[in-house]
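Both backbone and side-chain heavy atoms feed into the values below; hydrogens, waters and symmetry mates do not. Residues: numbered from 1 along the sequence shown.
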Amino acid sequence: MDGVRYKIREVLDKNKIEAFLQQARIGHLGMVDGHLPYVVPLNFVWTNGKLYFHGGTGGRRNQVMDANPEVCFTVCEEYGTITDPVPAKTDTAYMSVMIFGKAQPIADLDEATYMLQEMMNKYVPGYYNRPLPKQHVDKYRSAVFGGPVQVYRIDPQHITAKENPIEEEKMFKPGKTV
């Protein structure tokens, strides 16, 4: 029964998935650390059918991906609670996307510059009054770690998406009772 119910929630509309990934602000990168799962939240950019993120070159995340580049990147937005007179039928309105692939470090300066410019366009639109120069990216140092920043790309091998859309008349509003 559950398999059938959740099949109904499957999203196959590529434009809807694309729009969702472009506006979502946080994703969770799932990795395999030996035999253990390891998941970290990240800012990211979805562009040209690929997912990009970056971070300091040191640290556990990069070591884990170097040892095993197989990853799952999950993005989820929760839109509120859908109420029902039957408590067991109360549900959550959401959309989620899972991207499976291999995380690849990007050495190409043009690609890294493009990705970091896209990151600024997404998270601080209009804040910088000129494009990011390649020389800046080449010398860019993380303010947090004091080391160089590594850009990664995930070329999706498989994408799944699900949603439970908002039902405006059933959305929970504090103080409302049945």
Value rounded to 0.5 Å, distance of CD1 in Ile159 from CE in Met98: 11.5 Å
Polar side-chain atom of Gln23 near backbone of Phe20 as donor-acceptor pair, under 3.5 Å: yes
Working for side-chain contact (heavy atoms from CB on, under 4.5 Å), residues Gln117 and Met120: CA-CA 5 Å; Gln117 181 68 56; Met120 289 192 313; 4.0 Å; yes
Qualifying residues under salt bridge (charged side-chain N to carboxylate O under 4.0 Å, His left out), relative to Asp13, sequence neighbours excluded: none
Polar side chain donor-acceptor pair, Gln150 to Asn62, under 3.5 angstrom: no
Co-membership, hydrophobic cluster, residues Tyr94 and Leu12, 4.5 Å side-chain: no
Expected output: side-chain Asp84 to main-chain Thr90 donor-acceptor under 3.5 Å: no
Within one Ile-Leu-Val-Met-Phe-Trp-Tyr cluster: Ile106 and Leu109, side-chain cutoff 4.5 Å: yes
Side-chain heavy atoms of Thr92 within contact of Glu78, under 4.5 Å: yes
Atom pair CD/CD of Glu77 and Glu163 - distance to nearest 0.5 Å: 12.5 Å
Single hit among Arg60, Arg61, Gln63 for side-chain hydrogen bond (donor to acceptor under 3.5 Å, both in side chains) with Asp33: Arg60
Verify same cluster id: Leu51, Val40 (apolar side-chain graph, 4.5 Å): yes
Between CG on residue Asp108 and CZ on residue Arg153, distance to nearest 0.5 Å: 9.0 Å
Derivation of the side-chain contact (heavy atoms from CB on, under 4.5 Å) call for Gln22 and Val45: CA-CA 7 Å; Gln22 285 175 352; Val45 173; over 6 Å; no
Salt bridge (charged side-chain N to carboxylate O under 4.0 Å, His left out) against Asp110, all qualifying residues, sequence neighbours excluded: Lys134
Least distance between heavy atoms, Val151 atom then Ala112 atom: CG2-CB, 4.0 Å
Minimum-distance pair of heavy atoms, taken over all atoms of Val11 and Lys162: CG2-C, 3.8 Å
Short side-chain donor-acceptor distance under 3.5 Å, Tyr114 and Thr47: yes
Donor-acceptor under 3.5 Å (Thr83 side chain, Lys170 main chain): yes
Aromatic plane relationship, Phe53 with Tyr152 - under 30° parallel, 30 to 60° tilted, over 60° perpendicular: parallel
Under-4.0 Å salt bridge between Lys89 and Asp91: no
Check against side-chain contact (heavy atoms from CB on, under 4.5 Å), Met119 and Asn43: CA-CA 8 Å; Met119 185 76 78; Asn43 291 336; 4.2 Å; yes
Leu21 side, atom CG; Lys50 side, atom NZ - distance, nearest 0.5 Å: 14.0 Å
For the student: nearest non-hydrogen atoms of Pro156 and Gly49, plus distance: CD-O, 3.3 Å
Residue among Ile17, Ile99, Val75 satisfying side chain to side chain contact (heavy atoms under 4.5 Å, CB included) with Trp46: Ile99
In one Ile/Leu/Val/Met/Phe/Trp/Tyr side-chain cluster, 4.5 Å: Ile26, Met95: no
ILVMFWY cluster, Val32 and Leu36 together (side-chain gap under 4.5 Å): no
Ring centroid separation Tyr52 to Phe44 under 6.0 Å: no
Distance in Å, Phe100 CZ paired with Gln157 CD, rounded so as to fall on 0.5 Å steps: 10.5 Å
side-chain contact (heavy atoms from CB on, under 4.5 Å) assessment of Lys173 paired with Met171: CA-CA 6 Å; Lys173 292 164 188 70; Met171 297 310 289; 4.0 Å; yes
Any donor-acceptor N/O pair, Glu167 side chain to Glu169 backbone, under 3.5 Å: no
Any side-chain heavy-atom pair of Gln104 and Asp155 under 4.5 Å: yes
Shortest non-hydrogen separation from Pro165 to Ile82 and the atoms involved: O-CD1, 3.6 Å
Heavy-atom side-chain proximity of Val97 to Phe73 below 4.5 angstrom: no
Spacing of Leu116 atom CG and Asn121 atom CG [to the nearest 0.5 Å]: 11.0 Å
Enclosure of Lys122 NZ (heavy-atom neighbours >12, cutoff 6.0 Å): yes
